[in-house]
K.L.:
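Take this structure first; my questions come after.
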Protein chains: 2
Amino acid sequence: MKSTIYDIARLAGVSTATVSKVINNTGRISDQTRERINRIMEDLNYRPNVLASAMKGKSTYQIAFLIPDIDNPIYAQYLKHIEAYGQELGYNIVLCSTDNDFAKETRHITLLRQRRVDGFIIASKFKNDELLKQLVEEGFPIALFAHERPGISIDSVTVDDYMGGYLASKHLHSLGHRKIGVVGEDSISSDERIRGYKFALSEANIPVDNKLIVVGGATLQEAEQSAAVLLDSEDRPSAIFGCNDILAIGVMQAAKARGIRIPEQLSVIGFDDTPLCSIVSPRLSSISLPVRELGKHVTDIIISKIEHSDTVKQRIRLLPELADRDSTAPVNM
Amino acid sequence: MKSTIYDIARLAGVSTATVSKVINNTGRISDQTRERINRIMEDLNYRPNVLASAMKGKSTYQIAFLIPDIDNPIYAQYLKHIEAYGQELGYNIVLCSTDNDFAKETRHITLLRQRRVDGFIIASKFKNDELLKQLVEEGFPIALFAHERPGISIDSVTVDDYMGGYLASKHLHSLGHRKIGVVGEDSISSDERIRGYKFALSEANIPVDNKLIVVGGATLQEAEQSAAVLLDSEDRPSAIFGCNDILAIGVMQAAKARGIRIPEQLSVIGFDDTPLCSIVSPRLSSISLPVRELGKHVTDIIISKIEHSDTVKQRIRLLPELADRDSTAPVNM
DNA sequence: ATGAAAGCGCTAACAA
DNA sequence: TTGTTAGCGCTTTCAT
């Protein structure tokens with residue numbers, strides 16, 4: 001049978017209070033008893049029951065990570081770093097898929113609170129604003145990841161999507177492209193990226209043509225359909241900005257299906273710089289995110305909220321960079 | 001403040017025992033009190049504290065899922081289905097990366113047991129045999145996923161790797177290839193797949209040439225190096241079987257770097273049939289796994305062990321299928 | 001420096 | 001049908 005704090009206390013000839021103190025490094029204990037207790041704990045391979053200590057208000061050392069969709073490799077990347085860094089600090093990650101579904105996210109949150117997870121990292125475009133606000137008000141450790149909610153006062157760690165959209169479009173423009181299409185999806189990040197695109201155009205004195213902006217589904221297939229609208233128009237763009245790599249790859253496939261050569265006849269650029277970029281051909285230019293740093297930042301924020309009930313709110317926004325590869329080239333007139 | 005079972009009891013004018021009984025649907029309670037209690041719980045939005053009930057020996061409704069490496073999309077796929085199905089049954093997934101590291105896996109397991117997770121699904125090539133055996137002996141709910149350990153009596157859910165290797169090689173052979181290379185990695189699955197390959201050859205009366213079998217690292221880059229050995233030999237194979245999609249894509253890239261056209265000059269086939277297959281060009285032929293069913297099976301096994309302390313052991317082995325795409329073609333002599 | 005004891009929120013055996 | 005009560009394993013005041 002697993003040994004308890006009572007076993008240790010009995011064997012050491014002390015009270016459980018004393019044992020508890022050496023476990024938690026609190027109160028004053030003589031070096032002698034401390035050592036004796038430590039030895040006995042080692043001998044019995046004693047591990048405190050986290051449940052019991054959590055019941056007394058201590059943490060469970062669990063952080064929930066909510067994502068919309070594991071299929072997009074960028075989430076796997078996020079997960080990877082958050083898990084790795086959390087692990088270093090003694091925290092486990094409870095992973096939950098929300099599928100961007102209002103009911104699912106709500107259910108998850110209530111369930112996870114019952115489980116007494118210590119905090120939430122939310123990387124999905126959370127729909128239940130009320131719940132979010134409520135959690136924040138209660139002071140529950142929570143942080144948004146990879147997407148912001150301008151209206152709510154809540155911690156967040158994101159990449160500067162606006163900047164990234166600008167960078168991507170600017171790159172295209174610097175290659176001589178003036179007719180630049182966009183394939184986006186329905187999300188705040190995507191919107192921001194498109195705002196950046198528009199700014200790049202306006203900076204170059206190119207009027208924004210809304211027919212060049214197609215916002216559709218997030219899957220590869222849906223992206224192909226969105227791209228089709230652009231590609232099949234009589235006066236098709238010479239370059240397309242996909243608001244994430246999946247979308248951009250959808251564009252590539254649509255182009256390929258139409259015999260449009262990349263980058264000779266069409267430049268394509270993505271966003272996120274996932275490992276997919278080096279796997280497709282031509283290799284996809286993209287906007288790269290400091291994934292590890294993003295992960296480290298949220299984890300740090302959440303944990304400092306958990307451990308020091310830190311209350312200051314912050315919005316950390318890291319800057320993306322251009323990852324220039326083979327899918328973008330000077331415009332061919 | 002969160003309400004407790006005491007609040008409910010007080011408001012309903014009954015004892016906590018009664019409330020507990022309606023929560024857990026045990027004992028006999030009059031419809032009248034049951035309804036009254038239920039109403040009050042609804043009104044207060046009462047949620048039982050899982051920690052407290054877990055302390056009384058009930059489950060935590062958490063299953064740990066150990067994987068070696070999130071970078072291979074097949075693990076993301078597994079994760080996706082296990083999470084989704086677990087979610088349906090009220091279980092959360094605690095995700096842990098082991099990086100195939102003995103120390104890490106050991107640390108994880110002990111930590112997770114402290115956390116009182118209900119069971120383990122292990123999808124990494126687990127190194128600590130002793131620990132594994134010990135867990136099994138203790139009757140701890142545990143199942144191996146996507147890889148077996150012939151030596152240990154333990155539940156497992158896998159795909160028939162041998163069969164898959166056979167299928168892949170047979171397909172290549174049926175296209176007229178006789179000089180077929182293999183790029184594998186250091187894992188039991190990979191070994192099995194190679195055994196299947198050998199069987200396909202022997203069935204076709206082709207002698208096995210060990211120089212055609214290269215076992216190396218698991219990353220894309222390492223796969224390229226493995227492929228190089230094959231591709232740069234004076235008498236290079238006309239087809240290569242990559243023991244998973246990443247490896248196969250490494251082969252494709254190595255071929256591309258050498259100006260070897262696929263499938264005209266080299267046929268390539270992978271294993272796992274990840275979404276990557278449709279993204280590379282030419283689209284990669286592969287061996288497809290019934291991923292959803294695999295996930296459902298392990299989850300079911302683990303949960304039945306948890307809930308009915310089911311003790312019969314089973315090895316479920318599902319059959320893979322050929323997914324024929326554009327990277328394989330008749331040999332060109 | 002150490003211990004006694006109350007209690008976290010729940011369950012279950014036993015009584016009534 | 002319902003209630004009393006003794007824990008689960010730990011933390012934490014308050015004494016000593």
Side-chain angles (χ1 to χ4, degrees), chain A residues 1-38 40-41 44-62 110-118 306-307 309, chain B residues 1-38 40-41 44-62 110-111 113-118 306-307:
Chain A
M1 210 31 222
K2 271 248 166 278
S3 46
T4 75
I5 199 171
Y6 286 102
D7 302 325
I8 308 297
R10 187 161 24 77
L11 263 61
V14 298
S15 76
T16 60
T18 309
V19 178
S20 176
K21 276 168 198 151
V22 351
I23 293 173
N24 299 293
N25 252 309
T26 54
R28 19 205 104 274
I29 304 289
S30 73
D31 286 359
Q32 195 195 331
T33 36
R34 177 192 313 285
E35 264 170 41
R36 183 156 35 93
I37 292 174
N38 273 326
I40 296 179
M41 294 199 298
L44 295 200
N45 194 21
Y46 166 73
R47 306 280 164 215
N49 181 327
V50 184
L51 261 40
S53 81
M55 275 210 51
K56 297 295 296 185
K58 302 221 140 187
S59 38
T60 54
Y61 292 95
Q62 297 198 133
T110 42
L111 210 65
L112 290 163
R113 297 199 64 183
Q114 275 180 259
R115 304 258 202 286
R116 296 293 188 277
V117 299
D118 294 329
I306 294 169
E307 299 189 344
S309 38
Chain B
M1 211 31 220
K2 270 257 175 262
S3 45
T4 74
I5 199 171
Y6 287 102
D7 302 325
I8 308 296
R10 188 160 26 77
L11 263 60
V14 297
S15 76
T16 60
T18 308
V19 179
S20 176
K21 277 170 197 149
V22 350
I23 294 173
N24 298 294
N25 252 308
T26 55
R28 16 206 106 274
I29 303 290
S30 73
D31 287 359
Q32 196 195 333
T33 36
R34 176 191 314 284
E35 265 170 40
R36 182 155 37 92
I37 291 174
N38 273 326
I40 295 179
M41 293 199 296
L44 294 201
N45 194 20
Y46 166 74
R47 307 278 164 218
N49 182 328
V50 184
L51 259 41
S53 82
M55 276 209 51
K56 296 296 296 185
K58 303 222 138 186
S59 38
T60 54
Y61 292 95
Q62 297 197 134
T110 42
L111 209 65
R113 296 199 63 184
Q114 276 180 259
R115 304 257 203 287
R116 296 294 187 275
V117 298
D118 294 329
I306 294 170
E307 300 189 345

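What you are looking at is a predicted structure, and each value in this text was computed from that prediction instead of being measured. The figures that follow rest on heavy atoms only: side chains count, while hydrogens, waters and symmetry mates do not. A, B, ... follow the sequence lines: proteins, then strands. Residue 1 opens every chain.
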K.L.:
Distance check needed: D/dT13 P versus A/Arg28 CZ, whole Å only.
P.N.:
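About 15 Å, once rounded to whole Å.
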K.L.:
Can you tell me which residue among A/Thr33, A/Asp7, A/Ile8, A/Ile40 is in a side-chain contact (heavy atoms from CB on, under 4.5 Å) with A/Val19?
P.N.:
A/Ile8
K.L.:
Starting at CD1 of B/Ile8 and ending at P of D/dT2, how long is that distance when rounded to a whole Å?
P.N.:
17 Å
K.L.:
So, is A/Ser30 near the phosphate of C/dT2, with a side-chain N or O under 4.0 Å from OP1 or OP2?
P.N.:
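The answer is yes; a side-chain N or O of A/Ser30 sits under 4.0 Å from OP1 or OP2.
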K.L.:
Output the single nucleotide from C/dG3, C/dC10, D/dG3 whose closest atom is nearest the side chain of B/Val14.
P.N.:
D/dG3
K.L.:
With distance as the sole criterion, do the side chain of B/Lys21 and the base of D/dG3 form a donor-acceptor contact below 3.5 Å?
P.N.:
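Flag set: donor-acceptor pair detected.
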K.L.:
Using whole Å, what does the distance between atom P of nucleotide C/dC10 and atom NZ of A/Lys56 come to?
P.N.:
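After rounding, the gap between these two atoms is 14 Å.
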K.L.:
Taking side chain to side chain contact (heavy atoms under 4.5 Å, CB included) as the definition, give me every residue that meets it alongside B/Arg34, ordered by chain and number, with sequence neighbours left out.
P.N.:
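For B/Arg34 the side chain to side chain contact (heavy atoms under 4.5 Å, CB included) partners, ignoring immediate neighbours, are B/Val22, B/Asn25, B/Ile29, B/Asp31, B/Asn38.
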K.L.:
OP1 or OP2 of C/dG3 versus the side-chain N and O atoms of A/Ser15: is any pair under 4.0 Å?
P.N.:
yes
K.L.:
Would you tell me if any nitrogen or oxygen in the side chain of A/Ser53 comes within less than 4.0 Å of OP1 or OP2 on D/dC10?
P.N.:
no
K.L.:
Does A/Thr18 make a side-chain N or O approach to OP1 or OP2 of C/dG3 shorter than 4.0 Å?
P.N.:
yes
K.L.:
Rounding to 10°, can you tell me the angle the first-five-pair axis of the helix from C/dA1-D/dT16 to C/dA16-D/dT1 makes with its last-five-pair axis?
P.N.:
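Answer rounded to 10°: the end axes differ by 40°.
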K.L.:
Tell me: CG of A/Leu51 to C1' of C/dC10, nearest whole Å?
P.N.:
12 Å
K.L.:
Does B/Arg36 or B/Met55 map to a spot on DNA chain D nearer the 5' end, using the closest nucleotide for each?
P.N.:
B/Arg36
K.L.:
For the side chain of A/Asn24, counting heavy atoms from C-beta on, which of D/dG3, C/dT11, D/dT11 is nearest?
P.N.:
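It is D/dT11.
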K.L.:
May I ask you to decide if A/Lys58's main-chain N or O and A/Ser53's side chain share a donor-acceptor pair within less than 3.5 Å?
P.N.:
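Looks like no, no N/O pair under 3.5 Å.
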K.L.:
Would you say a side-chain N or O of A/Thr16 is under 4.0 Å from OP1 or OP2 of D/dT11?
P.N.:
no
K.L.:
Would you say C/dG9 has OP1 or OP2 under 4.0 Å from some side-chain N or O of B/Thr4?
P.N.:
no
K.L.:
Checking contacts here: which listed nucleotide (D/dC10, C/dC10, D/dT4) is nearest the side-chain heavy atoms of B/Asn49?
P.N.:
C/dC10
K.L.:
Are any of the side-chain heavy atoms of A/Ile23 and A/Tyr46 separated by less than 4.5 Å?
P.N.:
yes
K.L.:
In whole angstrom, what separates B/Arg10's CZ from D/dG3's P?
P.N.:
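Spelled out: CZ on B/Arg10 to P on D/dG3 is 15 Å.
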K.L.:
Where is the tightest heavy-atom contact between A/Ala9 and A/Ser15, given as atom of each residue plus distance?
P.N.:
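Looking at all heavy atoms of both residues, the closest pair is CB-C, 3.8 Å.
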K.L.:
B/Ile5 has a side chain; which of D/dC10, C/dT2, C/dC10 sits nearest to it?
P.N.:
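Ranking D/dC10, C/dT2, C/dC10 by closest atom to the B/Ile5 side chain puts C/dC10 first.
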K.L.:
Would you mind telling me which residue lines up with the more 5' stretch of DNA chain C, A/Gly13 or A/Tyr6, judged by nearest nucleotide?
P.N.:
A/Gly13
K.L.:
As a test of reading the structure: which of D/dG9, C/dA1, D/dT12 is closest to the side chain of A/Ser20, going by heavy atoms?
P.N.:
D/dT12
K.L.:
Between A/Thr16 and A/Ile5, is there a donor-acceptor pair closer than 3.5 Å when you use the side chain of the first and the backbone of the second?
P.N.:
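Pair absent, no side-chain N/O of A/Thr16 close to backbone of A/Ile5.
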K.L.:
Can you check the B/Lys58 NZ to C/dA12 C1' distance for me, whole Å?
P.N.:
9 Å
K.L.:
Starting at CZ of B/Arg34 and ending at P of D/dT1, how long is that distance when rounded to a whole Å?
P.N.:
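One finds 9 Å between P of D/dT1 and CZ of B/Arg34, rounded.
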K.L.:
B/Thr60 versus B/Arg115: any side-chain heavy-atom pair under 4.5 Å?
P.N.:
no
K.L.:
Using a cut-off of 4.0 Å on non-hydrogen atoms, how would the nucleic acid contact of A/Thr33 be classed: base, sugar-phosphate, or nothing?
P.N.:
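It contacts sugar-phosphate atoms only.
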K.L.:
Taking CZ from B/Arg116 and C1' from C/dC10, how many angstroms apart are they, rounded to a whole number?
P.N.:
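The answer, rounded to whole Å, is 16 Å.
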K.L.:
Start with the C-alpha gap between A/Arg113 and B/Arg47, add the side-chain angles, then the distance that decides, and say whether side-chain contact (heavy atoms from CB on, under 4.5 Å) holds.
P.N.:
CA-CA 9 Å; A/Arg113 297 199 64 183; B/Arg47 307 278 164 218; over 6 Å; no
